[in-house]
Structures are given as C-alpha cells and as structure tokens.
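For reference, the structure is listed below as structure tokens.
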Amino acid sequence: MTLLQLRGLTVRYPEAGVTALDGLDLDLARGETLALVGESGSGKSQVALAILGLLPSPARVSGSVRFDGTELTALDRPALDRIRGARIGLVFQEPMTALDPLFTIGHQIALPLRAHQGMGRRQAAARARELLDLVGIRDAAARLSAYPHELSGGERQRVMIAMALAGEPDLLIADEPTTALDVTVQAQILALLADLKRRLGLALLFITHDLRLVRRIADRTAVLRAGRLVETGPTGALFRNPRAPETRDLLAAEPAGRKAPVAAEAPVVLEARGVSVGYPGRRRLLRAEPPRLAVCGIDLTLRAGQTIGVVGESGSGKSSLGRALIRLEPAAHGLVRFEDRDLTALDRAALRPLRRGFQPVFQDPMGSLSPRLTAGEIVAEGLRVHAPHLAAAERDARAAEAFAEVRLDPSWRHRFPHAFSGGQRQRIAIARAMILRPRLVVLDEPTSALDRTVQRDIVALLRDLQAAHGLAYLFISHDLAVVRALADTVLVLRAGREVERGPTDAVLARPREAYTRDLVAAADLDGGLAQA
Amino acid sequence: MSPSPSGLAFAEASLLARARRRLLGDGLARACAALLAVVALACLLGPFVTGHPYDRLYYDYPGVPPSLALYPKPEAVGPALDRLALRMRVRAEDVAVTGEAVRLTLASDRPIDDRVLTFFSRSDTFGEARLLGRSEDGRRLTVEAPLRALRFLAGTDALGRDLLTRTLTAGRLSLALGLMATAVALGIGVVYGALAGTLGGRVDAAMMRLVDILYSLPFVFFVIMLVVFFGRSVALIFVAVGAVEWLDMARIVRAEAQAIRRRDYVRAAEALGLSTGAILRRHVVPNLLGPVVAFAALMVPRVILLESFLSFLGLGVQEPATSWGVLIADGARSLETAPWMLIVPASFLVASLLALTLLGERLRDALDVRG
Amino acid sequence: MIPYVLRRLAQAVPTLFIVVTLSFFLVRLAPGGPFDLERPLPAAAMENLRRVYGLDQPLLVQYGRYLAALARGDLGPSFSVRDLSVAELFARGLPVSMTLGGLALLVSLVLGTLLGGLSALRRGSALDHAVTTLGTFALTVPGFVVAPLLQIAFGLTLHWLPVGGWDDGSPKNLVLPVVTLALPQVAVVARLFRAGLVEVFDRPHWRTLRALGLPPRTLALHGLRGAALPVVSYLGPAAAGLLTGSVVVETVFGLPGVGRYFVDGAINRDYTLVLGTVVLIAVFVLVLNLLSDLACALIDPRLRDFG
C-alpha cells in the first residue's frame, strides 16, 4: 500500500536558471525503506524539502506529492503544519546546527508533543524522557535540561531522531543523517534507525550519497543524477546488476585495488621517534589545567614509495601528527629525521631550504588556496623560494607542466580558485606540492570533502604520481575504504595514542584490538562492491 | 565543468576586478560616486568661480535669502546712494539709473575732492566711479558709476558673507580633514592590529587589553576635553579624531590577521618554505585588503561627522576658517530669521555623508569574498 | 554568576582608575584656571579662592585628595556654580538626562524591533527596502542637523511643539529631543534585529522547527530569542551613542542635563564638574556593558561559561 507517491516532481530556481529536480516519480509503501542516492548537486536534498514544502522562496515546485491520499502541494500552511512533525518526521544532516542552541533538549523535544498531541508541559516532559530512552540516550532525565552544545555529535543526532519521532509519524525522512559523524557513531545511528523502523513500523526515506550505507539498510534504492531518476529497484538487484551507466559509475566509485608492496631495501625517507604534540591547559583563575596531549609518543619509519595510512576518528590527533612530522606544528616534541637531516634541531630559517622535500595537501580544497592568487600563481609559488633563479615565464611554464601532471587543462591556470570545482581545487593543491618534486607528501584527508566519483579519480591520480616519482605518502583519513586502496601500512590512532599498526590487509581483515574491530565493522568494507 | 564565455571571464577575473565590476554595475554606487565627485570638485574649484572671497563682508547685504536675482536691486540704488552721499558729505542730485550704471551729480557747498569717489568702489553696490565733468567752482561733480552685479545663489549669512562660497570653502576643510584623519587612524590601526595579530601570545593579549580599556572610555568626552583645554587647532582635532577611530581599525585588522593566519593556505605557504615576510606580503596583506578598504571607506564619513560634531559645539575649527559643522551651528542659531543658513551647509554635509556611507557599504559588499 | 559579576566589577576598577587619572592630569595640565575671569580678580582674593578649593597644594597632593574623596563617593564642590557640589548638580541634571536617554532607548527598542522584524519577515519587499533606506538616512544625518530641522518644522512652522526648554519635563517639551536622540538608534536596532532574524531563518535549526509543523507562536518565540542577541549586545554601545547624542540635544534644545553641564564645565575650567561627569559616564557605560553581557548570557547558554 502506497504511503508516499511523487509524480513529476519538479523544482526550478528561475532566477538562477537551475532545474534542481526534473520530473521525479517515486513510490514508498508503508513500512518500506527507500534509499535515495546521488552525489552532491544531484538534487536529492531538494526531494525532502519539496515533500514538506520547506524549499526556500525562490524555488518553484510543480508536480504532485501525495501522502496517504492527500495532495501535499495543494495544502495551505496550517493544514501542512498538521502533517509536518505529526505524520512525517524529518532528520537533517547537520547535527551541530540542526538544534536551536538557545533552548534545552527537553524543551525542543516537547515542542512537537505539545503542538501535535496536545500534551501539557508535564506530560510532554515525561514523554520526552521516554523518547530519549527510546533513541538510546543514557541518563535521559538529566539530559533533558542540557543544551545542544553540551552534547556530542552522535547524541545530538539521536535527539533529532527523538524529535522527529515525537509526533509518532508514519514516514521518517532522513537526509544524510550520518554524514558528519565518525564511523563508529555512524554505525550506531544506522542501527538505531533500522531498529526503530522495525519496532514502530515506520516507512523510511533515506537520502544519502554513500552507497555502502544503502546496502545495509534499504529495501529499495533509487539513484538520482542531475535532478533525474536514473534507476530504481530492489537494493540487492540494483547492486548485483546495475542497468544505468550512472549507477555503475557510482558503484565503481568505491576506491578499488591495492597498493603494490615496497621493496624492503627502499631508502628511508622519514624517521620519527617519540613524537608528541601538547597544548598547554587553559589557565583558570587559581589553577592551571594540565596540558592536553593531542599526540603521544608515536614512532614511524617511512620508505620511498611507501604509504602509511593514519586512521582515526575526529579528535584522535591524526592531523596534529601529520603537521608535527613536517614541522608545521609549533607544539610538537620528539625526534624527526628527514632523509639524513635531523629536522628537530633546525630553526625555521634553516628548515626552509629543506621544505621542498616534504609537502602537505590539506582536506579543505577551498581553504588551502588563497582566493587572491590565480591557480597558476598558487602552483608556482614554491618555485619562488626553491628556484629563485627562474624567470616568471619559466615559472609559468613549469606551472603549466604541473597542471598537465595532475590532469588539469593548463590553460586554466589563469583562473582564480573560486572558478574551480572541489575536485579540481584538490588537484591544484596537489600540483602545488608536486612542482617541487618532494620525496614525501603528507595527505591530510585529501578526499574527505569530495564526492565518491571524484574521490576515485583523486585516488587514481595519487597512485600514479607515487608510482612515477617513488613518493612516500603519509595518508591521513577516517575513511578505511580509501586507506585500503592506497596504504601499505595502517596506523590506528585513538586520543593521540597508537592502538594498532600493521600491513593494511592484515589489520583490516583481522583487527587485533577491539577499537579497530569497531572501526572496521562500522566501515562495512566488503558489504558493497567486493561481493558484487 | 565547461564554463560559458561569460563564466570564463568571471573565472579569470581577480577579486578586485570583480569588485570593481560589481560596483560599476551598481547604479546607486555610480550615482554616489558621481555626487561625491561633484561635491569635491565644487569645493575645490567653486570658491574661485563664485566671485566672492569667503571672508568678504557685504555690509549692504546681511541675511540675503538664496535667489538667482542680481544685486543691487533697482529700488535699492537710491537709498544706497543716499547713504553713500551722507558718508561723502555731499548731496546726490539728478540721479539717473540705467540698466548697469548710475549717473548723478554730487553737490556740496564746498569744492569736492576727487578722492571721495573711492567711496563708490568701496561700497557693495557700485563699482569704480568715473568723473564725467566738474563745475567751474568744483562744487558739483558729474559722475557715472557702474552698478555691481552680485549674485548670492545660496544667500548670505548674518554678516553679509556669501553662503555658497563659505559652504564650499568649509567643504574643503571637512573633506580634507575626513580623508587625512582616516589615513592617520588607518595607519595606526593597521600597524597596531597587524602587529598584535602576527605576534600573538602575550604581546597580543597585552596590546588588546589596552585597546579594550581605551574602548570602554567615553571617548568623545575625552576628545571634547582635549580640544577645550588645549585650544582649538586643526592639528588637535586631527589627533583627537584619529585617537578615537584607530581602535576599531586595530580590532578588525587583528581579528582578520589571526583568522587568515589559521587558514590552510597560510599553512601551505609555510610548508612551501616562504619566509614570514613573504607570507605576510603575499598572503596575509592581500587577503586583509578587502575588509580594511571597506572599513576605511566607511570611516571617512564617520570622521567628517565627528569633526562637524566638535565644530558644532564650538570646539572645532575657529573663525575665520570654517567647516560644515561651524556653518551649521551658525545656522541653528539663526533658524527663525535665516533658515537657509542651516539648510545649505546641512544639505552639503548630509549629501556627502550619505554618498560616502552608501558607497562604503557597496564597496564592503563588493569586496566580500563570500559573495 | 555572582563571582563573575564581582570579577567584572573588579576589572572595571583599573579602567576607572585610568579614566580618572588621565582626565585629572589632562584637565590640570591645560592652560587657564577656573577663576580666570574677563576682569582678573585681585591677587589676594585669587589666593583666597585657590586656598579654599585646595588649588595651592602640589598637583600630586590634589590628585591624592581627589582620589580619596572619590573613593568615599564625594565628587567635590563645583568651581563654576558656587555653593553647589558636583553631586548636587548631578541631582538636578541626571533626571533630565535619564528621562531623555531612557525614553529614547525605549523608543528605539520598540520601534527598531518592530521595523526590523517586519522587514525580515518581508525580505526583499518594498517595505524592507524602505526600512533599509530610511535607516541609512537616520544613521547618516547627524543629530545637530536633525534637531534644528525638527525645530523649524514642528516649532516654527507648524507651532505644534515648543522649540526648546525643559518645563519640568512636560511631554510636549520631550518629543523633539527624544525623537532626535532615538532616530539613529532606531535605525541601528532595526538593522541588528533584521540581520539577527534573517540569520535565524537561514540556520538549519529553523528548518528543523518548521519541519516539526509548530504553531506560529512557538516559532516566534524561537525567532525572537535568537535575534535578540545582537540587539542586547548593542546596549552598551547604544548607551555611549545616547550620551554623545545628549550633548547635542541638550545644547540645541536648551535642556539642563548632564551633557550640557559637561560642555559648560569644560569651557569654564570647572575641574571637579568635568571630572565628575567623566567618572559618571564611565561608570554608566561600564555598568551597561556588564548588564548587556549578563543579558546575553541569559539568552544564550553558550555564553554562560563564566570561568
């Protein structure tokens, strides 16, 4: 029995000349889970907003949204409000900002209860507590009086789910509910959603960019690209036998392949002993807090052509470690040797000529490019320091070569960063490092801000560059799938300390530590492509 | 991703070029810029064109309302001649007024000295008189004197000074003060803020604590005290205004410098081996430019306002020098008799302030990286 | 929270100390004195006066005495208005200034939130543009231009309202001064409140609330509280703005308030009156800043880390 029926749903932004959704047809039965998959810009988030009439005002909606026999697009605001929150619950991606920071959790969960179920203050508070219990928040009674900023990301997402469930809806729409969370938390939230759906008999519209999540949770899957539905079908069949090329593209976007092993006698590029990073504690009125160690006593040996993958959740100190190894972290201690030089003994000035040997690439491809310089100037900047004899024309020629090397059109080097897409910007950042012919590149989550298909291309590029130049990589990521495709060795960090280390396949296949097991289980590495 | 031709032009435009294009495409911004140019040019060149020195007192024309009319008016010639004759101790007879001159005979009981004719040119009504004939006994002189043709487009003040000339002259001072005091505040603020933001740590904390303390002072009152107790010179107004305005600048520059230093592109530059100086020059300063320029543009009208505020209270510019604030204060005192004395300088001030503010706001929006 | 308030007050002491010290020496280093009249007094009378007011002592002794008196809350005698202490002068002037400032603040808060709220709800409409444009006008046209224009319009032409004077604070006499004072503040409050509301509307949590199908009353509560923050944190600067404005308004409309005392006192070299006014104003601004910070913390739990 169909609960939600979309027919020819179209969302246009006439002012911007954009068609975000183009004639979408979808059906969702009671108690069914439908996954809507697409990359950024595919229009998938517009679907959730269009169903509930929450699109921003310049949007023009046409087509039909029937929910349980009612045409939602024809309803006025009060009638729509009787469905929003009551019959349809919505969970958004941003757990950091999706709750009003000025009100307590208890107040916010009570809102739909009082609006839709006519509960009084006290009754709503009691029910809010039950709901927090239901979504697995410990010590629910005390948590009611907490404010959103006092909760962790996972807890906030649970509160969001509790709010969406408060009106006892028939349909729950979850728009990227786990994207901003650490993998282990992600797994818990997914399990919670699946469990709630079963217990409450909910229909679930699950919107995501991540195919691996879909496989675990969805009965049926619909693939969206550029505002159009390209394929829909039972999840298992769609994975086994994708018909549309776009679906195949998405499936293949899982980074595949393994790193070729490194010769044991390859020269050592980087050697680190007992590297720690400590920030001084905040000074209070009378007492000083003890210093906080972001990284604690890490040893590393990295050979030419080798990749060490550093894995951990947010706050594990993996980025601090990366910065410490190339002396970008002022609060670092410990011994770092690069090739035959002891970096720890050098001051900033003495370090400068050596820096061409080790280069970083950062996560945020927008923030790492100065908006005031052209892409070509950005790429060529290192040459000003390390090849000062080059004339401007020669520098420009080198920049053009570097562009070609990262597979960007060299004629684009006169553009400014804002004119590039995320993946292209990341290529510029890689070109900036590569133009100096470094022996070591520290890659700090270089693929995390990118779509899967773009990720795949960047992974391929990094692999080719490594093979061509015998580069050593320190690859920092929370994404085990990418790490598996790139790294020889995995180093698992938690709260700045080493949890486990070993050959990539061994660690991922047979993790020894419980924490690593959680990570691997949450990443669900072989749930996706490997079986297909 | 294949950019369209216009997209390509956009892609290859620098931030400043884009800002310029956005400003030029904005009708209001263009209008404001044009208005400012007109006001500035008028203030600069106007006083040479109006035909009146700004401090010339026309005793015959105190408190004349604004008009296109020529002075003297025909009916005013007779009385003016009588007054003049009285001062020359002669009688004016056979007065004949033509369009541009007056012909008359001066009569007296004693021979008349030619030099009395200088009274004509010293008056506000007549030009230099020509002697046409003299009677045998020298007691009657036939004289022709051209009528002056004076226009007071914006009227005159209570002392008979041409208001337009005074307003334009005052504008020179107000605008110049606005620009220069902004430059001073900008210089101090940028250096201070950049130092604090770059040095960081304890130095930064101490420097900013000082700014916070100064900030919590009722600064306008300090400025008033400064000006009252140490005399009212233009230089002091300068110091006073600069002292108030650099605080904001310092705060903004420091905050921006710190934010920029935390950006990944600065980290990347450090990793490339750029020296601290080069990082400042190539990355921090250019990225600081937008907010600083925008803020400075908005500071100019504030400074002009502060100066005219002080002048209005009688604490600013001193006679015979004048600024818009002084003129407005004068005008406020003669509201009932000569409202134009308020309205003319006030409209110049308000027009300039509005144009500067609107232009500054547009500039700020145009320079906004996020936009 | 009480320790926080105490600490903030303790932090205010050095600031006040700097204010007093700076003002004291600034005033004293200036040429001229309170008894320099157009016709100089006989030397003996001058000596006498200086002794009575303690001006014959070394400067540092005077400074010490002033600080000691100030610590007891004694602002000293006025030099220019004989037989009255500075405190007594304030007792006369403060009610005038407080009435003006308080009314202006009230008007700007009520009118500003109203206009700002309306233009945020109708973003991009003619009303929104009108409010923005008028706001720019109100902010740029200085008070010393607005005040005489109002006098011309409502006093001299229409004869609706008196051109000046206090008249024991009769409502008619209050209208023009309060309007002059409030005008720019209305514009600022409207701008801040509009920006605050627009920001709330653009935040993800607003979408969450709308997705819950809540009644307009509940939404209004959340919107108001979110947008109140910038307005409340503006209270400190607003106080400073009103103080500056009151100097002009009290001068133009001939009102016997503290702002005019200050200007007159400065011109007459009335040391104690000037210092007293500066202290009063500094205390006032510090207290309002503290109140505004506390109110912000009340609104936003994230600001409640008083550590």
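So that the names make sense, note that chain A is the first sequence line, chain B the second, and so on, each numbered from 1. These figures come from a predicted structure and were not determined experimentally.
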Please identify, among B:His283, B:Arg267, B:Arg263, the residue contributing the most non-hydrogen atom pairs under 4.5 Å to chain A. B:Arg267
Do A:Asp409 and A:Ser411 have a side chain donor and acceptor closer than 3.5 Å? yes
Within 6.0 Å of CZ in A:Arg352, more than 12 heavy atoms from elsewhere: yes
Within residues 376-385 of chain A, which residues come under 4.5 Å of chain B, heavy atom to heavy atom? A:Glu377, A:Glu381, A:Gly382, A:Arg384, A:Val385
Taking the six-membered ring for Trp, is the centroid-to-centroid distance between A:Trp412 and A:Phe403 below 6.0 Å? no
Can you confirm whether A:Arg432 sits close enough to A:Ser368 that some side-chain heavy atom of one is under 4.5 Å from a side-chain heavy atom of the other? yes
With side chain to side chain contact (heavy atoms under 4.5 Å, CB included) as the test, would you mind laying out the steps for B:Arg251 and B:Val211 before giving the verdict? CA-CA 8 Å; B:Arg251 278 191 164 180; B:Val211 170; 4.0 Å; yes
Strictly below 4.0 Å, N to O, side chains only: are A:Asp444 and A:Lys318 in salt-bridge contact? no
Sort by residue number and list every member of residues 33-41 of chain B having a non-hydrogen atom under 4.5 Å from chain A. none
Short N-O contact, B:Glu270 and B:Arg282, less than 4.0 angstrom: no
Among A:Leu343, A:Leu351, A:Ile326, find the residue that satisfies the side chain to side chain contact (heavy atoms under 4.5 Å, CB included) test when tested with A:Phe338. A:Leu343
Could you tell me which portion of A:Leu354 (side chain, backbone, both or neither) has an atom closer than 4.5 angstrom to a non-hydrogen atom of chain B? neither
Taking atom types as modelled, find out whether B:Asn287 and A:Ser370 have a side-chain donor-acceptor pair closer than 3.5 angstrom. yes
So that I can tick it off, tell me whether A:Arg413 and A:Asp396 are bridged by a salt bridge, with the cut-off set at under 4.0 angstrom between side-chain N and carboxylate O. yes
What I want to find out is whether A:Arg439 reaches A:Glu339 closely enough, with some N-O distance under 4.0 Å, to be called a salt bridge. yes
Which portion of A:Arg348 sits near chain B, non-hydrogen atoms under 4.5 angstrom: side chain
Structural part of A:Leu369 lying under 4.5 Å from a heavy atom of chain B: backbone
